[in-house]
Amino acid sequence: MTIYYSLDLNNETFVLRDLCVDDYSKNYLDLLGQLSKIDKEQVKFQDFLDFINELNERNKVFIIENKDTDKIIACATVFIENKIIHNMGKVCHVEDVVVDNSMRGTGMGKILMGFVNEYANKMGCYKTILDCAQHNVVFYEKCGFKNNGFQMSLYHSSL
Ligand SMILES: CC(C)(COP(=O)(O)OP(=O)(O)OC[C@H]1O[C@@H](n2cnc3c(N)ncnc32)[C@H](O)[C@@H]1OP(=O)(O)O)[C@@H](O)C(=O)NCCC(=O)NCCS
């Protein structure tokens with residue numbers, strides 16, 4: 001398991017790494033539940049395993065884990081799209097950014113997004129884009145993003 005980044009905070013050690021299959025028995029699903037509704041009963045171990053097996057260098061889930069408690073305290077999903085425009089350019093899409101409510105305001109979100117931005121850069125993306133609520137605009141500005149228009153959505157299901 002590659003540890004991309006490690007830091008100590010208040011005598012506890014935090015590591016940034018890829019989501020892995022062992023995280024099924026940790027709190028990843030609960031963490032996602034702080035962002036959106038999630039029915040844990042619907043996510044069987046095999047579903048989680050299939051999801052992990054589909055991940056690759058263009059579709060990653062990065063997490064930060066407290067190594068002293070084994071608790072996952074932050075996550076972000078990255079999807080890198082190949083384009084024809086911009087000279088066969090690549091765009092990094094960021095989804096499902098969550099910091100556990102016990103750790104918000106401690107800089108973990110900024111560390112995670114800083115890593116995501118570095119990753120996108122390393123992968124040759126010419127830009128990174130995401131959607132966010134108005135109340136998170138300042139957070140993303142502090143991570144280097146600029147407000148660049150409107151989000152449009154058309155829901156195909158109520159799930
Ligand atoms: C948004 C979220 C990821 C921020 O994570 P965090 O770890 O609390 O943020 P950080 O502590 O790294 O904050 C980084 C900077 O942004 C600022 N900031 C963070 N959230 C902010 C907010 N909602 N409004 C204004 N500023 C904010 C911090 O004050 C800090 O500023 P500084 O660098 O000048 O000290 C976290 O609040 C969260 O998980 N929210 C619920 C889920 C969610 O809405 N996710 C986003 C989906 S798009």
Side-chain angles (χ1 to χ4, degrees), residues 2-20 22-43 48 51-52 54-55 58-81 83 90-123 125-159:
T2 305
I3 304 294
Y4 299 112
Y5 187 86
S6 175
L7 85 151
D8 291 326
L9 181 72
N10 299 332
N11 293 322
E12 292 183 307
T13 301
F14 295 84
V15 295
L16 197 162
R17 62 169 173 81
D18 293 315
L19 184 73
C20 70
D22 291 347
D23 295 326
Y24 184 73
S25 57
K26 297 186 181 176
N27 62 306
Y28 178 62
L29 301 182
D30 293 319
L31 184 61
L32 287 178
Q34 294 181 28
L35 177 69
S36 187
K37 65 177 177 179
I38 181 164
D39 181 355
K40 289 202 292 178
E41 295 300 309
Q42 298 287 327
V43 186
F48 192 78
F51 177 85
I52 296 287
E54 289 276 309
L55 296 174
R58 294 187 349 156
N59 182 191
K60 286 202 161 257
V61 179
F62 295 116
I63 60 127
I64 299 179
E65 178 180 28
N66 180 330
K67 284 310 289 174
D68 293 287
T69 62
D70 288 344
K71 184 176 180 183
I72 299 169
I73 60 95
C75 61
T77 299
V78 162
F79 175 69
I80 294 176
E81 175 198 6
K83 298 192 84 81
K90 291 181 188 161
V91 171
C92 177
H93 299 260
V94 180
E95 286 280 335
D96 302 344
V97 177
V98 197
V99 172
D100 185 76
N101 48 28
S102 67
M103 291 297 294
R104 289 181 196 161
T106 64
M108 291 294 177
K110 202 168 169 182
I111 288 169
L112 184 59
M113 287 307 301
F115 178 80
V116 164
N117 291 340
E118 268 177 39
Y119 184 75
N121 196 33
K122 194 181 85 184
M123 290 294 290
C125 298
Y126 70 92
K127 71 175 178 182
T128 296
I129 54 178
L130 54 82
D131 297 323
C132 77
Q134 178 73 40
H135 61 263
N136 287 328
V137 165
V138 174
F139 166 70
Y140 286 113
E141 284 175 344
K142 295 206 169 178
C143 297
F145 288 76
K146 285 194 172 64
N147 190 342
N148 199 16
F150 299 96
Q151 179 206 55
M152 305 289 287
S153 58
L154 188 160
Y155 282 79
H156 297 281
S157 129
S158 59
L159 277 179

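Just so you know, ligand 1 is whichever comes first in the structure, and atom 1 is the first atom listed for that ligand. For the single chain, residues carry numbers from 1 onward in sequence order.
- Ring geometry, Y4 versus F115: the interplanar angle falls from 30° to 60°, so the pair is classed tilted.
- Of the N and O atoms on the side chains of D100 and Q34, at least one donor lies less than 3.5 Å from an acceptor on the other residue.
- Under 4.0 Å from any atom of ligand 1, one finds heavy atoms of residues L35, V97, V98, V99, R104, G105, T106, G107, M108, G109, K110, D131, C132, H135, N136, V138, F139, Y140, K142.
- Heavy-atom neighbours of D39 CG from other residues, nucleotides or ligands within 6.0 Å: above the threshold of 12.
- The local environment of CG in D8 is crowded, with over 12 non-hydrogen atoms from other residues, nucleotides or ligands closer than 6.0 Å.
- Counting only residues at least two apart or on different chains, the side chain to side chain donor-acceptor pair (under 3.5 Å) pairs with a member in residues 22-33 are R17-D23, K26-E65, D30-K40.
- Under the 3.5 Å distance criterion, the side-chain polar atoms of N59 are left unmatched by any main-chain donor or acceptor of E54.
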